[in-house]
Trainee: 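Following this message is one structure expressed as structure tokens.
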Amino acid sequence: MLLQASGVLFWFSLALYIGATVLYAYQFVLRRSKVGWWARFFTGAGFLCQTASIGTRSWAMHTTELTGANQLMLASWALVLLYFVMEHVIKIKVYGTFLIPVAVVLMASSQIVGHIAGGAQMAPSEAALLNNWRVGFHVALIVFGNAGFAFGAVSAGLYLWQESQLKSHKSNTITRRLPSLATLQLIARRAIGFAFPVYTAGLLLGILRAIDADVPNWWFDPRIMMSGVVWVTFAIYLWVVYRRGVPTRTSSWVAVVGFVFVVILAIIARTIPVGFHVFGL
């Protein structure tokens, strides 16, 4: 019964996010304040349904499963939560146009990944590795860190696009709706500045768990190495962005490349059948 309710709430939240995506696009182009209000209402209602879906499923299962499908679901939830927080802080309403579609893609991907997995059970050795409080915090921190990186990369990508339009003296409805270059740079820096220590803490907890479980050669796992590449890339971003004389265009490209690595890591996490870290993003 609870699982069925969780499924219904999932589809309600997905439908509301899709409706919000359409409304945000309409509001972005035509600047209708009432449409923007409805877009945020749809997003808020979708977020509540998604939260209830995650909660009822966890209640029914007596745990929050750390499968790839559930982690994609948690990633979309974290992205929407971060969007609301950042919108409240920065008072800029255009980000829903770019971030809510990402949440929709993550939710749809969670269904695809879950369908491919087909309810396959974890091996006892994998289940034993997950049976530790550090793993839950490790996953939660990585998910929130990735959401922050996504937010920062979207801002950096918009910076690069708007700058190229300005340099070529092109202007259209979309570029006129975007925040200024300075604001986009500030948002990217703050989002990644928030995400980096969160991601770092998540990595450290995962490393401590691997050492505690005495996993041999855990550092050779391709997911671990790719996580290190993501960490180094965003460390370089923060070093570059606070170093005088480095063009903002350079730091923006580093942020975009860093998020591409996050996406690659998310893909290989469930597709490369080697290593011990085979159960998540």
Trainee: Considering non-hydrogen atoms only, spot the tightest contact between A156 and S252 and give its length.
Mentor: CB-O, 3.6 Å
Trainee: Report yes if the side chains of V22 and Y26 come closer than 4.5 Å at any heavy-atom pair, otherwise no.
Mentor: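 Contact flag for V22/Y26 side chains = no.
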Trainee: Distance-only, no hydrogens or angles: does the H138 side chain make a donor-acceptor pair with backbone N or O of L205 under 3.5 Å?
Mentor: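 Flag not set: sc H138 to bb L205 has no pair under 3.5 Å.
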Trainee: Out of the candidates V143, L141, I142, only one should pair with V139 under the side chain to side chain contact (heavy atoms under 4.5 Å, CB included) rule; please name it.
Mentor: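 Of the listed options, the one satisfying the test is V143.
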Trainee: Could you list the residues that satisfy side-chain contact (heavy atoms from CB on, under 4.5 Å) with L14, not counting sequence neighbours?
Mentor: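 By the side-chain contact (heavy atoms from CB on, under 4.5 Å) rule, L14 matches F10, W11, I18, V104, M107.
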Trainee: According to a 4.5 Å side-chain heavy-atom criterion applied to Ile, Leu, Val, Met, Phe, Trp and Tyr, with indirect links allowed, do W239 and W231 form part of one hydrophobic cluster?
Mentor: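 Yes.
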Trainee: Output side-chain donor-acceptor pairs under 3.5 Å for residues 253-268, partner residues at least two apart or in another chain, one line each.
Mentor:
none

Trainee: Mind checking the CD1-CD1 spacing from I224 to I207? Nearest 0.5 Å is all I need.
Mentor: 7.5 Å
Trainee: For a quick test of reading the model, state the closest non-hydrogen atom pair linking L9 to A52 and the distance between them.
Mentor: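 Where L9 meets A52 most closely, the heavy atoms are CD1-CB, 3.6 Å.
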Trainee: Any heavy-atom pair between the side chains of M73 and L106 that's under 4.5 Å?
Mentor: no
Trainee: Answer yes or no: is there a side-chain heavy-atom contact under 4.5 Å between S155 and F151?
Mentor: yes
Trainee: Any side-chain heavy atom of L16 within less than 4.5 Å of one from S13?
Mentor: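 SC-SC contact between L16 and S13 ruled out.
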Trainee: With a 6.0 Å cut-off on the ring centroids, do F234 and Y199 count as close?
Mentor: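 No, the ring of F234 stays outside the 6.0 Å limit from the ring of Y199, centre to centre.
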Trainee: Is F47 linked to F12 within one hydrophobic cluster, defined over Ile, Leu, Val, Met, Phe, Trp and Tyr using a side-chain heavy-atom separation of less than 4.5 Å?
Mentor: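 The answer is no; the residues belong to distinct hydrophobic clusters.
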Trainee: Can I192 be reached from Y242 by stepping across I, L, V, M, F, W or Y side chains whose heavy atoms are under 4.5 Å apart?
Mentor: yes
Trainee: Between the side chain of T233 and the main-chain N/O of V229, is any donor-acceptor distance below 3.5 Å?
Mentor: yes
Trainee: With the 4.5 Å side-chain cut-off for hydrophobic clustering, are F84 and V102 part of the same group?
Mentor: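 Looking at the clustering, V102 is in the same group as F84.
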Trainee: Check Q50 against Y17 and note the closest heavy-atom contact, atom names and distance.
Mentor: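 What the structure gives for the nearest pair is OE1-OH, 2.8 Å.
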Trainee: Shortest non-hydrogen contact from L79 to A147?
Mentor: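 Taking every non-hydrogen atom into account, CD1-O, 3.8 Å.
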Trainee: When you compare the side chains of S251 and T248, does any donor N or O come within less than 3.5 Å of an acceptor on the partner?
Mentor: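 Side-chain D/A pair, S251 to T248: absent.
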Trainee: Less than 4.5 Å apart, side chain to side chain, heavy atoms only: is that true for Q162 and L181?
Mentor: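 Yes, at least one pair of side-chain atoms sits under 4.5 Å.
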Trainee: Which value, rounded to the nearest 0.5 Å, describes the distance between L72 atom CG and S109 atom OG?
Mentor: 6.0 Å
Trainee: Side chains of Y83 and R40: closer than 4.5 Å at any heavy-atom pair?
Mentor: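 Side-chain contact under 4.5 Å: yes.
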Trainee: Nearest 0.5 angstrom please: T97 OG1 to L158 CG, how far?
Mentor: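 Rounded to the nearest 0.5 Å, the OG1-CG separation comes out at 9.5 Å.
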Trainee: Between V241 and F149, is there shared hydrophobic-cluster membership here, with clusters defined by ILVMFWY side-chain heavy atoms closer than 4.5 Å?
Mentor: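 Hydrophobic grouping puts V241 with F149.
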Trainee: Taking all heavy atoms of Y237 and all of A188, pick out the closest pair and write down the distance.
Mentor: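 Reported closest heavy-atom pair: OH-C, 3.6 Å.
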Trainee: Are L81 and F144 packed together at the side-chain level, in the sense that at least one heavy-atom pair is separated by less than 4.5 angstrom?
Mentor: yes
Trainee: Is there any salt bridge (Lys or Arg N to Asp or Glu O under 4.0 Å) pair reaching into residues 94-113, and which pairs are they, with sequence neighbours excluded?
Mentor: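 Residue pairs passing salt bridge (Lys or Arg N to Asp or Glu O under 4.0 Å), neighbours aside: none found.
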Trainee: Would you compute the distance between atom CG of L208 and atom CZ of F137 and round it to the nearest 0.5 angstrom?
Mentor: 13.5 Å
Trainee: Return yes if some donor-acceptor pair links the side-chain N/O of S53 with the main-chain N/O of S6 below 3.5 Å, else return no.
Mentor: yes
Trainee: What's the shortest heavy-atom distance between A20 and A39, and which atoms?
Mentor: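 Result for this residue pair: CB-O, 3.7 Å.
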Trainee: Evaluate whether atom CZ of F41 has more than 12 neighbouring non-hydrogen atoms of other residues, nucleotides or ligands under 6.0 angstrom away.
Mentor: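 No.
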Trainee: Under 4.5 Å between any side-chain heavy atoms of Y24 and T43, yes or no?
Mentor: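 Of all side-chain heavy-atom pairs linking T43 with Y24, at least one is under 4.5 Å.
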